[in-house]
Novice: 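Pasting a structure below so you can have a look.
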Amino acid sequence: MGYYSRLSKSFEGALRLPLTDRSKYVLISDCHRGTGSNNDNFLRNQNLYFAALQHYYKAGYTYIELGDGDELWENRSMKQIMEAHGNVFWLLSRFQEQERLYMLYGNHDMVKKNAKYTKKCCNTCQCHPADYPNPDASSAYPSLSGLTFYPAIILENHLSCGRNCPTGYTNPPMDLYLTHGHQTDLFNSTFWRLSRFLVRYLWKPLERFGVLDPTSAAKNYTRKHKAEERLHHWAEQENHILITGHTHRPTLSEQDKYYYNSGSCVHPRCITCLEIERRHILLVKWTLAAKPDMTLYVSREVIAGPVWLDR
């Protein structure tokens with residue numbers, strides 16, 4: 001099966017969520033949450049991520065994670081990841097409690113497609129803030145029990161264009177096709193177990209000496225470019241708006257009406273995401289900034305958009 005067929009198959013029977021003038025979605029990908037060790041690339045941005053998540057929770061957004069949320073190639077234990085980032089999973093469980101949480105799996109957490117695995121992990125998750133004084137009372141907090149991980153989601157337009165239409169608008173808003181994007185690469189999809197073995201026992205130790213994984217689309221420019229070309233080609237041929245992660249390169253452009261990318265949470269100094277509200281989409285960066293008095297704060301910056309979701 002080629003990459004085109006793998007992408008198409010991901011959307012067969014995909015979960016469909018409504019896309020209306022009132023919809024508010026935030027799309028985040030490639031958190032790669034680890035165990036808090038030196039190899040945990042999420043660790044340096046965990047406070048930025050938690051601050052952004054708090055903002056979206058309070059603002060009423062629905063959180064959609066586009067895969068590779070947890071680093072399960074380098075790490076064996078989901079329990080250790082949950083313990084290392086307990087505050088994050090507590091906040092995610094608050095989204096889950098209000099039915100505002102949807103998760104996709106990517107190549108680095110492909111094991112989540114196994115319902116028995118995810119049920120065991122989610123049911124044993126102790127969702128309470130890390131600084132909560134009485135962990136034994138964690139049952140008073142929401143949990144991730146019942147959480148399902150999907151290969152893809154479609155945000156489906158249910159309404160005709162209303163007062164939010166741009167001037168001169170003639171076409172109806174399009175559905176959005178969301179998936180991780182690893183389907184473009186044979187070793188990251190069909191042979192993901194082999195890739196996991198190599199990362200876990202070869203590239204993870206070498207990473208400490210500055211050797212990057214040459215098979216990774218996020219770390220290898222040639223593979224990144226090839227993956228993006230294939231994603232764009234599929235979207236254009238199918239006449240869909242395709243949104244992915246995987247390559248870690250954030251993408252949103254008025255000129256390109258087919259392919260967008262939410263970026264990742266493991267950039268050196270920031271995290272990026274896509275916000276959808278009133279059928280407009282923004283590419284946003286969260287980073288640490290300083291006020292004139294040298295006070296540090298978490299800054300939200302729009303780096304592209306808004307783009308009206310039409311054709």
Novice: For atom NZ of Lys24, decide whether the heavy atoms of other residues, nucleotides or ligands shown that lie under 6.0 angstrom number more than 12.
Specialist: yes
Novice: Side-chain donor-acceptor pair under 3.5 Å between Gln96 and Tyr63, yes or no?
Specialist: no
Novice: Under 30°, 30 to 60°, or over 60°: which ring-plane class applies to Tyr57 and Phe95, parallel, tilted or perpendicular?
Specialist: perpendicular
Novice: Would a hydrophobic clustering, with Ile, Leu, Val, Met, Phe, Trp and Tyr connected at side-chain separations under 4.5 Å, put Val266 with Leu283?
Specialist: no
Novice: Would Asn39 and Ser37 count as a side-chain hydrogen bond (donor to acceptor under 3.5 Å, both in side chains) here? Give the steps.
Specialist: CA-CA 5 Å; Asn39 289 90; Ser37 65; 4.5 Å; no
Novice: Quick one: which residue pairs count as a salt bridge (Lys or Arg N to Asp or Glu O under 4.0 Å) with a foot in residues 281-292, not counting sequence neighbours?
Specialist: Lys285-Glu301
Novice: Nearest 0.5 Å please: distance from the CE atom of Met82 over to the CH2 atom of Trp90.
Specialist: 16.0 Å
Novice: Give a yes or no answer on whether the side chain of Asp109 reaches the backbone of Tyr105 with a donor-acceptor pair at less than 3.5 Å.
Specialist: no
Novice: Out of curiosity, does Leu101 fall in the hydrophobic cluster containing Met78 (side-chain heavy atoms, cut-off under 4.5 Å, transitive links)?
Specialist: yes
Novice: Check whether any side-chain heavy atom of Trp308 sits under 4.5 Å from a side-chain heavy atom of Arg279, and report yes or no.
Specialist: yes
Novice: Tell me whether Leu282 shares a hydrophobic cluster with Val298, the cluster being built from Ile, Leu, Val, Met, Phe, Trp, Tyr side chains joined at under 4.5 Å.
Specialist: yes
Novice: So does Thr287 get a backbone contact from the side chain of Ser299, meaning a donor-acceptor N/O pair under 3.5 Å?
Specialist: no
Novice: Closer than 3.5 angstrom, by distance alone: can the side chain of Asp175 be matched with the main-chain N or O of Asn157 as a donor-acceptor pair?
Specialist: yes
Novice: Which distance, rounded to the nearest 0.5 Å, do you find between the CD1 of Ile81 and the CZ of Arg76?
Specialist: 12.5 Å
Novice: Tyr260 versus Val307: any side-chain heavy-atom pair under 4.5 Å?
Specialist: yes
Novice: Without swapping roles, check the side chain of Glu71 against the backbone of Trp73 for a donor-acceptor pair under 3.5 Å.
Specialist: yes
Novice: Could Arg100 and Glu97 be called an ion pair, given the rule that one side-chain N must be under 4.0 Å from one carboxylate O?
Specialist: no
Novice: Ignoring hydrogens and geometry, is there a side-chain-to-backbone donor-acceptor pair from His85 to Gly34 under 3.5 Å?
Specialist: yes
Novice: Applying side-chain contact (heavy atoms from CB on, under 4.5 Å) to Arg196 and Met110, what does each step give before you reach the verdict?
Specialist: CA-CA 10 Å; Arg196 181 181 63 180; Met110 185 82 77; over 6 Å; no
Novice: Evaluate Thr20 against Ser23 for side-chain contact (heavy atoms from CB on, under 4.5 Å), listing each step before the verdict.
Specialist: CA-CA 5 Å; Thr20 71; Ser23 298; 3.3 Å; yes
Novice: Asp30 and Gly263: which non-hydrogen atoms are nearest, and at how many Å?
Specialist: OD2-O, 3.9 Å
Novice: Report the residue from Thr247, Thr184, Thr244 that forms a side chain to side chain donor-acceptor pair (under 3.5 Å) with Glu228.
Specialist: Thr247
Novice: Looking at CH2 of Trp234 and CZ of Arg6, how far apart are the two atoms once the value is rounded to the nearest 0.5 Å?
Specialist: 13.5 Å
Novice: Only one of Ser5, Ser10, Ser189 forms a side chain to side chain donor-acceptor pair (under 3.5 Å) with Gln183, so which one is it?
Specialist: Ser10
Novice: Please report the C-alpha distance between His246 and Asp185 in whole Å, then the side-chain angles of each, then the deciding distance to 0.1 Å, and finally whether the side-chain hydrogen bond (donor to acceptor under 3.5 Å, both in side chains) criterion is met.
Specialist: CA-CA 11 Å; His246 186 55; Asp185 189 291; over 6 Å; no
Novice: So, do Leu309 and Leu155 sit near enough that their side-chain heavy atoms are less than 4.5 Å apart?
Specialist: no
Novice: Would His180 and Asn107 count as having a side-chain donor-acceptor pair, cut-off 3.5 Å?
Specialist: yes
Novice: What distance do Leu66 atom CG and Cys31 atom SG have between them, rounded to the nearest 0.5 Å?
Specialist: 9.5 Å
Novice: Testing Thr62, Ile153, Leu274, Leu176 for side-chain contact (heavy atoms from CB on, under 4.5 Å) with Leu27, which one passes?
Specialist: Leu274
Novice: Report yes if some heavy atom in the side chain of Tyr117 is under 4.5 Å from a heavy atom in the side chain of Leu72; otherwise report no.
Specialist: yes
Novice: Set out, in order, the CA-CA distance, both residues' side-chain angles and the distance that settles side-chain contact (heavy atoms from CB on, under 4.5 Å) for His240 and Leu242, then state yes or no.
Specialist: CA-CA 6 Å; His240 294 322; Leu242 178 65; 5.5 Å; no
Novice: For the hydrophobic clusters of this structure (ILVMFWY residues joined by side-chain heavy atoms under 4.5 Å, transitively), does one cluster hold both Tyr49 and Met103?
Specialist: yes
Novice: Kindly indicate whether the side chain of His267, heavy atoms from C-beta on, has any atom under 4.5 Å from the side chain of Trp286.
Specialist: no
Novice: Backbone N or O of Gln80 within a donor-acceptor pair of the Thr35 side chain at under 3.5 Å?
Specialist: no
Novice: Under 3.5 Å, side chain of Asp68 to main-chain N/O of His32, donor-acceptor pair present?
Specialist: no
Novice: Not counting sequence neighbours, list each pair that qualifies as a salt bridge (Lys or Arg N to Asp or Glu O under 4.0 Å) and has a residue in residues 50-66.
Specialist: Arg33-Glu65
Novice: Under the 3.5 angstrom rule, does the side chain of Asn261 hit a backbone N or O of Gly245 as a donor-acceptor pair?
Specialist: yes
Novice: Could you tell me which non-hydrogen atom of Ile28 sits nearest to which non-hydrogen atom of Cys273, and how far apart they are?
Specialist: CG1-CB, 3.5 Å
Novice: Going from OG on Ser29 to CD1 on Ile271, what distance comes out if it is rounded to the nearest 0.5 angstrom?
Specialist: 12.0 Å
Novice: What are the two closest non-hydrogen atoms of Ala290 and Leu296, and how far apart are they?
Specialist: CB-CD2, 3.9 Å
Novice: Around Arg300, counting heavy atoms of other residues, nucleotides and ligands shown, do more than 12 lie under 6.0 Å from its CZ?
Specialist: yes
Novice: Using a 4.5 Å cut-off on heavy atoms from C-beta on, say whether the side chain of Tyr177 contacts that of Leu7.
Specialist: no
Novice: Quick one: are Asp70 and Phe89 in side-chain contact, heavy atoms under 4.5 Å?
Specialist: yes
Novice: Give a yes or no answer on whether the side chain of Asn45 reaches the backbone of Cys265 with a donor-acceptor pair at less than 3.5 Å.
Specialist: yes
Novice: Might you point out which heavy atoms bring Ser8 and Glu238 nearest each other, and give the distance in Å?
Specialist: OG-OE2, 4.4 Å
Novice: Could you tell me whether Lys226 and Glu229 make a salt bridge, using a distance below 4.0 angstrom between a side-chain N and a carboxylate O?
Specialist: no
Novice: Starting from Leu17, can I reach Tyr150 by hopping between I/L/V/M/F/W/Y residues whose side chains sit under 4.5 Å apart?
Specialist: yes
Novice: Taking the side chain as everything from C-beta on, heavy atoms only, tell me whether Thr118 gets closer than 4.5 Å to Asn114.
Specialist: no
Novice: Using 0.5 Å steps for rounding, measure from the OG atom of Ser264 to the CZ atom of Phe42.
Specialist: 11.0 Å
Novice: side-chain contact (heavy atoms from CB on, under 4.5 Å), that's the test. Do Leu288 and Arg269 meet it? Break it down for me.
Specialist: CA-CA 8 Å; Leu288 196 64; Arg269 291 171 296 278; over 6 Å; no
Novice: Would you please name every residue forming a side-chain contact (heavy atoms from CB on, under 4.5 Å) with His232, sequence neighbours left out?
Specialist: Glu236, Asp256, Tyr258, Tyr259
